[in-house]
Q: 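Here you go, one structure.
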Amino acid sequence: MIIGTILEIALKLTGLKDQLDQARRERRDRIADYFMQLSKTLKDAHESLSQGMIPHGTCEEMLYHARSLATTVQDEIGEAEAKKLAESMEEAHALEQLLSELHDEGARQQTLADLDRARGMFKALGVSMRGAK
């Protein structure tokens, strides 16, 4: 359920994009950087997992992203919502465990596709935050 949770967070934040866009330029840049770094972590995990390797270090990176999420977006989406999303991300930080769940090819392909979808959503958020006025 790790990937499902990360996808839910990405979808929720995408739905809150109008609120995120209300931030001042400096804050939008900080939020954009956060989303871009998160996207890179997911990309690195995807590359390792697709090669059948444990994505070493991504658990710690995801834990860092989870602990940074609330303070990064709480002014725009509210403290309660930001804290809820951060807690969900912290529960789903264990990307290194995904390799053990990729036994059959169908599950493997679906997990990798979902991971890439979440990565793309966070990247799109980051890119669009930079372009927001």
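In what follows, every heavy atom counts, from backbone to side chain, and hydrogens, waters and symmetry copies are set aside.
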Q: Taking all heavy atoms of Val73 and all of Ala82, pick out the closest pair and write down the distance.
A: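 Taking every non-hydrogen atom into account, CG2-CB, 4.0 Å.
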
Q: Using 0.5 Å steps for rounding, measure from the NZ atom of Lys123 to the CG atom of Asp116.
A: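 Going from NZ on Lys123 over to CG on Asp116, the span is 10.0 Å.
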
Q: Is the backbone of Gly57 close enough, under 3.5 Å, to the side chain of Glu96 for a donor and an acceptor to pair up by distance?
A: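 Yes.
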
Q: Calculate, to the nearest 0.5 Å, the distance between atoms CG and OG1 belonging to Leu13 and Thr72 respectively.
A: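 Going from the CG atom of Leu13 to the OG1 atom of Thr72 covers 10.5 Å.
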
Q: May I ask you to test the Met36-Arg130 pair for a side-chain heavy-atom distance under 4.5 Å?
A: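 Yes, close enough: below the 4.5 Å cut-off.
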
Q: Determine, for Lys84 against Glu87, whether the closest basic-nitrogen to carboxylate-oxygen distance falls under 4.0 angstrom.
A: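 Result for this pair is no, no salt bridge flagged.
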
Q: Just by distance, do the side chain of Tyr34 and the backbone of Gly126 share a donor-acceptor pair under 3.5 Å?
A: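 A pair under 3.5 Å: no.
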
Q: So how far is it from Glu79 CD to Thr71 OG1, rounded to the nearest 0.5 Å?
A: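 The CD atom of Glu79 sits 10.5 Å away from the OG1 atom of Thr71.
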
Q: Is it true that Arg30 and Asp33 have a side-chain N and a carboxylate O under 4.0 angstrom from each other?
A: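 Not counted as a salt bridge, because no side-chain N and carboxylate O are separated by less than 4.0 Å.
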
Q: Kindly check if the number of other-residue, nucleotide or ligand heavy atoms within 6.0 Å of CD (Glu105) is above 12?
A: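 More than 12 heavy atoms, drawn from other residues, nucleotides or ligands, come within 6.0 Å of this atom.
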
Q: Looking only at heavy atoms, what is the nearest atom pair of Cys59 and Ala94, with distance?
A: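 Where Cys59 meets Ala94 most closely, the heavy atoms are SG-CA, 3.4 Å.
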
Q: First locate atom CG of Leu20, then atom CD1 of Ile77, and finally report the distance between them rounded to the nearest 0.5 Å.
A: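 The CD1 atom of Ile77 is 6.5 Å from CG of Leu20, to the nearest 0.5 Å.
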
Q: Using residues 47-54 as the side-chain source, report each donor-acceptor pair under 3.5 Å to any protein atom, sequence neighbours left out, with the distance given to one decimal.
A:
unit_1 : atom_1 : unit_2 : atom_2 : d
Ser48  : OG     : Asp44  : O      : 3.4
Ser50  : OG     : His46  : O      : 3.1
Ser50  : OG     : Glu47  : O      : 2.9

Q: Applying side chain to side chain donor-acceptor pair (under 3.5 Å), run through Gln110 and Asp114 and close with a yes or a no.
A: CA-CA 6 Å; Gln110 185 62 54; Asp114 288 346; 2.8 Å; yes

Q: Should we count CD of Gln109 as having more than 12 external heavy atoms under 6.0 Å?
A: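 Enclosed: over 12 neighbouring heavy atoms sit under 6.0 Å from CD of Gln109.
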
Q: Please lay out, stage by stage, how Lys12 and Glu81 fare under the test side-chain contact (heavy atoms from CB on, under 4.5 Å).
A: CA-CA 10 Å; Lys12 181 68 173 177; Glu81 184 66 33; 2.8 Å; yes

Q: Does the side chain of Ser128 reach to within under 4.5 Å of the side chain of Lys17, using non-hydrogen atoms?
A: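 Result yes, sub-4.5 Å side-chain heavy-atom pair found.
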
Q: Any link between Leu69 and Leu63 through a network of hydrophobic side chains (Ile, Leu, Val, Met, Phe, Trp, Tyr) touching at under 4.5 Å?
A: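 No, Leu69 and Leu63 fall in different hydrophobic clusters.
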
Q: Output the distance between atom OG1 (Thr41) and atom NE2 (His65), rounded to the nearest 0.5 Å.
A: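 Going from the OG1 atom of Thr41 to the NE2 atom of His65 covers 3.0 Å.
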
Q: Quick one: closest heavy-atom pair of Leu115 and Ile3, and the distance?
A: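 Heavy atoms of Leu115 and Ile3 come nearest at CD1-CD1, 3.5 Å.
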
Q: Could you note down all residue pairs passing salt bridge (Lys or Arg N to Asp or Glu O under 4.0 Å) where residues 58-70 supplies at least one of them, sequence neighbours left out?
A: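 Listed once each, the pairs are Arg67-Glu90.
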
Q: Name the one of Gln19, Arg27, Arg28, Gln22 that satisfies side-chain hydrogen bond (donor to acceptor under 3.5 Å, both in side chains) with Glu76?
A: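 That would be Arg27.
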
Q: For the CE atom of Met1 and the CG atom of Leu7, what is their distance to the nearest 0.5 Å?
A: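 Those atoms lie 9.5 Å apart.
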
Q: Main chain of Arg108, side chain of Thr111: is a donor-acceptor contact present, judged purely on distance under 3.5 Å?
A: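 No, Thr111 side chain to Arg108 backbone: no donor-acceptor pair under 3.5 Å.
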
Q: Strictly distance-based, threshold 3.5 Å: is any side-chain N or O of Arg119 a donor or acceptor partner for the main-chain N or O of Leu38?
A: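 Side chain of Arg119 to backbone of Leu38, a donor-acceptor pair under 3.5 Å: no, none is there.
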
Q: Following the transitive rule for hydrophobic clusters with a side-chain heavy-atom cut-off under 4.5 Å over Ile, Leu, Val, Met, Phe, Trp and Tyr, establish whether Tyr64 and Leu95 coincide in one cluster.
A: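 In one cluster with Tyr64: Leu95, no.
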
Q: Determine, step by step, whether Leu42 and Met62 satisfy the side-chain contact (heavy atoms from CB on, under 4.5 Å) criterion, reporting the C-alpha distance in whole Å, the side-chain angles of both residues, the deciding distance to 0.1 Å, and the verdict.
A: CA-CA 9 Å; Leu42 295 175; Met62 287 300 291; 4.0 Å; yes

Q: Counting N and O atoms only, with roles assigned by atom type, does the side chain of Ser39 sit under 3.5 Å from a partner on the main chain of Phe35, one being a donor and the other an acceptor?
A: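 Side chain of Ser39 to backbone of Phe35, a donor-acceptor pair under 3.5 Å: no, none is there.
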
Q: Grab the two heavy atoms, one from Ala45 and one from Pro55, that are nearest each other, plus how far apart they are.
A: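 Looking at all heavy atoms of both residues, the closest pair is CA-CB, 3.7 Å.
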
